[in-house]
Amino acid sequence: MSATTHHHDADSLAHKLNNATGVSPTRCYQCGKCTAGCPMAEEMDYTPSHILRLLQLGLEGSEDRVLRAYSPWVCLTCEVCYARCPQEVDIPKMMDFLRSESARLKKVNPRAADFLSFHKTMLDSIRYVGRLYEVGMIMGYKLRSWHFLEDVLMAPSLFFKGKLKLFPHLIKNRKNISQIFKKSGNARTEAAK
Amino acid sequence: MIKIAYYPGCSLLGTAREYDESLRAIVKKMGIELVDVPDWNCCGASSAHSLDHDLSVALPGRILMQAESLGLEDLVVPCAACYSRLMMARHELMEDAALKARVCEMTGMEFRGTVRPINIIEFLQKYSDTFTDKITAPFDKDVACYYGCLLVRPPKVTNFDRPEDPRSMDEIMSLLGSKPVEWDFKVECCGAAHSITRAGLVGKLSSKIIGNAVHRGAQAIIVACPLCHSNLDMRRNFINKAAGRKYDIPVLYITEAVGLAMGIGEKELGLHRHTVKVRYPEKVKVEAEPRPKAAAATKPTPAAQTEQTEEA
Ligand code: SF4
Ligand code: SF4
């Protein structure tokens with residue numbers, strides 16, 4: 001890799017990101033292509049290239065701003081940014097890392113609380129059923145977040161179209177799945193509870 | 001009989017039932033047997049990778065390992081989102097020995113890497129001989145082929161078609177007798193990941209897609225992903241609300257279009273499960289000036305595979 005202009009302590013967020021995912025913010029030369037193509041840029045508090053800049057600077061407050069950002073949660077993992085980045089910075093992977101780090105450190109942006117509930121509900125379904133169980137998920141998500149009614153209202157029509165199952169498709173080896181969850185023991189899922 | 005491993009994924013048992021039904025209906029006529037991955041689990045969807053990286057590799061990893069036991073090479077994965085998760089996991093397991101060791105420990109199984117996930121377009125390309133000779137009712141519509149995000153991106157991982165202006169789906173539709181329209185939102189994101197958490201936002205993104213397809217004269221939108229379908233079809237009311245008008249254009253799975261061209265009944269293909277009725281708007285008059293060159297290239301070609309440009 002060529003000219004690295006920014007240096008980081010071993011405990012900087014940029015360094016941790018690089019360690020965990022191989023993504024290196026120093027590669028970014030701030031051309032802005034990622035942000036230009038990002039369908040969610042308008043919704044974000046910090047655009048993808050802005051986040052990279054904050055990580056490059058590695059200043060006291062800037063890391064905390066990144067961890068508390070709304071952006072990673074609203075990112076769609078649509079991969080446009082990564083496909084177009086001339087420096088091949090894997091931004092979606094960086095967003096994954098930022099989500100799990102902010103959940104682990106309990107720094108999730110308050111506006112993103114419902115995203116976190118949604119993911120937790122999905123993972124619960126997989127953990128106990130082995131597959132996604134839509135009715136269970138809708139109920140679970142409803143219990144975890146209040147402002148969610150639309151899909152529930154859609155439920156009866158889906159049921160009559162044969163698309164909504166009232167009972168889960170349990171897989172046989174659910175023990176294997178719960179073992180995977182346990183072993184992933186990666187404090188993240190637990191911390192996110 | 002050709003045998004191929006099959007991973008339906010959760011959507012195809014529920015909200016995308018007609019995708020599964022239409023696929024099963026066409027393979028029966030194509031002389032292909034699908035063998036379900038034994039005791040398959042969910043790939044982790046958009047949630048595992050959002051919160052826990054190892055888990056996001058281990059869940060699809062288990063699917064690949066279970067599939068390996070079938071002794072087949074190709075694993076057809078019709079859901080573009082599952083396909084993406086399986087490809088990502090395979091890519092990472094092949095590249096990162098330490099991760100592979102952890103994932104094998106988690107699943108208690110071995111990963112050999114003998115199974116290759118293919119998406120529905122690759123599947124139809126590879127076996128086009130088995131349906132092109134059975135076309136009895138050409139699907140002679142003007143269609144907008146919608147690829148979405150995950151089939152073509154990230155190009156390094158999926159290594160499939162051109163990431164900005166793919167053509168493979170257009171070519172298949174041409175084989176069925178359709179005329180693919182040139183349009184601008186082929187690989188744009190419909191926002192599926194947030195359809196439950198931010199329905200209004202997703203309506204906005206999807207309405208741009210539908211609006212452009214209609215503007216370019218499409219009579220139907222063809223998709224290869226259950227999430228794209230549920231956004232453009234099931235959640236049409238959000239789209240209409242965002243657009244401030246009512247769109248009637250139907251959204252068909254590519255397998256449904258293949259089935260219709262082969263003369264299979266609408267019911268058997270599950271068309272009655274759509275939210276937007278499958279009725280095609282009138283063809284728009286062809287404009288006076290000749291079409292751009294690129295459109296000419298998508299004229300029906302013989303079953304032979306057209307070469308793909310690698311761009312990544
Ligand atoms: S496209 Fe790549 S190099 Fe350009 S700003 Fe974004 S991350 Fe940096
Ligand atoms: S993956 Fe996320 S950051 Fe990248 S373009 Fe898509 S929404 Fe934006």
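Here is how names work: the chains are called A, B, and so on, in the same order as the sequence lines, proteins then strands, and each is numbered from 1.
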*Asks:* At their closest point, which heavy atom of Glu43(A) faces which heavy atom of Leu201(B), and how far apart are they?
*Replies:*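 Here Glu43(A) and Leu201(B) meet closest at OE2-CD1, 3.0 Å.
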*Asks:* Select one option (side chain, backbone, both, neither) describing which atoms of Ser84(B) are under 4.5 Å from chain A's heavy atoms.
*Replies:* neither
*Asks:* Around Lys16(A), counting heavy atoms of other residues, nucleotides and ligands shown, do more than 12 lie under 6.0 Å from its NZ?
*Replies:*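 Yes - once you tally the heavy atoms of other residues, nucleotides and ligands closer than 6.0 Å, there are more than 12.
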*Asks:* Does the side-chain contact (heavy atoms from CB on, under 4.5 Å) test come out yes or no for Ser46(B) and His119(A), once each step is laid out?
*Replies:* CA-CA 8 Å; Ser46(B) 61; His119(A) 293 311; 4.2 Å; yes
*Asks:* I'd like to know which of Arg102(B), Glu92(B), Met88(B), His194(B) tops the heavy-atom pair count under 4.5 Å against chain A.
*Replies:* His194(B)
*Asks:* Can you sort out the partners of Thr158(B) under side chain to side chain contact (heavy atoms under 4.5 Å, CB included), two or more places apart, ordered by chain and number?
*Replies:* Tyr83(B), Phe160(B)
*Asks:* Counting only non-hydrogen atoms closer than 4.5 Å, does Arg84(A) touch chain B with its backbone (N, CA, C, O), its side chain (CB onward), both, or neither?
*Replies:* side chain
*Asks:* Are Leu116(A) and Leu51(B) close enough, and set up right, to give a side-chain contact (heavy atoms from CB on, under 4.5 Å), and what steps lead you there?
*Replies:* CA-CA 9 Å; Leu116(A) 184 60; Leu51(B) 294 180; 3.8 Å; yes
*Asks:* Of the listed residues (Ala193(B), Pro154(B), Cys149(B)), which shares the most heavy-atom pairs with chain A below a 4.5 Å separation?
*Replies:* Pro154(B)
*Asks:* Would you sort out whether Asp90(A) and Lys156(B) count as a side-chain contact (heavy atoms from CB on, under 4.5 Å), showing the intermediate values?
*Replies:* CA-CA 11 Å; Asp90(A) 193 337; Lys156(B) 247 195 183 157; over 6 Å; no
*Asks:* Hey, could you give me the NE2/CZ distance between His53(B) and Phe97(A), rounded to the nearest 0.5 Å?
*Replies:*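 Result: 11.5 Å between the selected atoms.
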*Asks:* Between CG of Asp52(B) and CZ of Arg99(A), what distance do you get to the nearest 0.5 Å?
*Replies:*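 The distance works out to 12.5 Å.
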*Asks:* Can you tell if the side chain of Ile177(A) reaches within under 4.5 Å of the side chain of Arg62(B), non-hydrogen atoms only?
*Replies:*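 In contact.
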*Asks:* For the candidates Ser47(B), Cys42(B), Ala45(B), Ala58(B), which exhibits the highest count of non-hydrogen atom pairs separated by less than 4.5 Å from chain A?
*Replies:*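 Option with the greatest count: Ser47(B).
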*Asks:* Is Asn41(B) close to Asn176(A) at the side-chain level, that is, under 4.5 Å between some pair of heavy atoms?
*Replies:* no
*Asks:* Give me the atom names and distance for the closest heavy-atom approach of Glu42(A) to Lys204(B).
*Replies:* OE1-NZ, 4.2 Å
*Asks:* Distance check, rounded to the nearest 0.5 Å: Thr77(A) atom OG1 versus Leu150(B) atom CG?
*Replies:* 8.5 Å
*Asks:* Measure the shortest side-chain to side-chain distance between Leu13(B) and Arg131(A) over non-hydrogen atoms and say whether it is less than 4.5 angstrom.
*Replies:* yes
*Asks:* Under a 4.5 Å heavy-atom cut-off, does chain B meet the side chain of Ile126(A), its backbone, both or neither?
*Replies:* side chain
*Asks:* Can you tell if the side chain of Arg198(B) reaches within under 4.5 Å of the side chain of Asp114(A), non-hydrogen atoms only?
*Replies:* yes
*Asks:* Once rounded to the nearest 0.5 Å, what's the spacing between atom SG of Cys189(B) and atom CE of Met40(A)?
*Replies:* 7.0 Å
*Asks:* Less than 4.5 Å apart, any side-chain heavy atom of Leu55(B) and any of Ile180(A)?
*Replies:* yes
*Asks:* Taking ring pair (Phe, Tyr, Trp, His ring centres under 6.0 Å) as the definition, give me every residue that meets it alongside Tyr6(B), ordered by chain and number, with sequence neighbours left out.
*Replies:*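 Partners of Tyr6(B) under the ring pair (Phe, Tyr, Trp, His ring centres under 6.0 Å) test: none.
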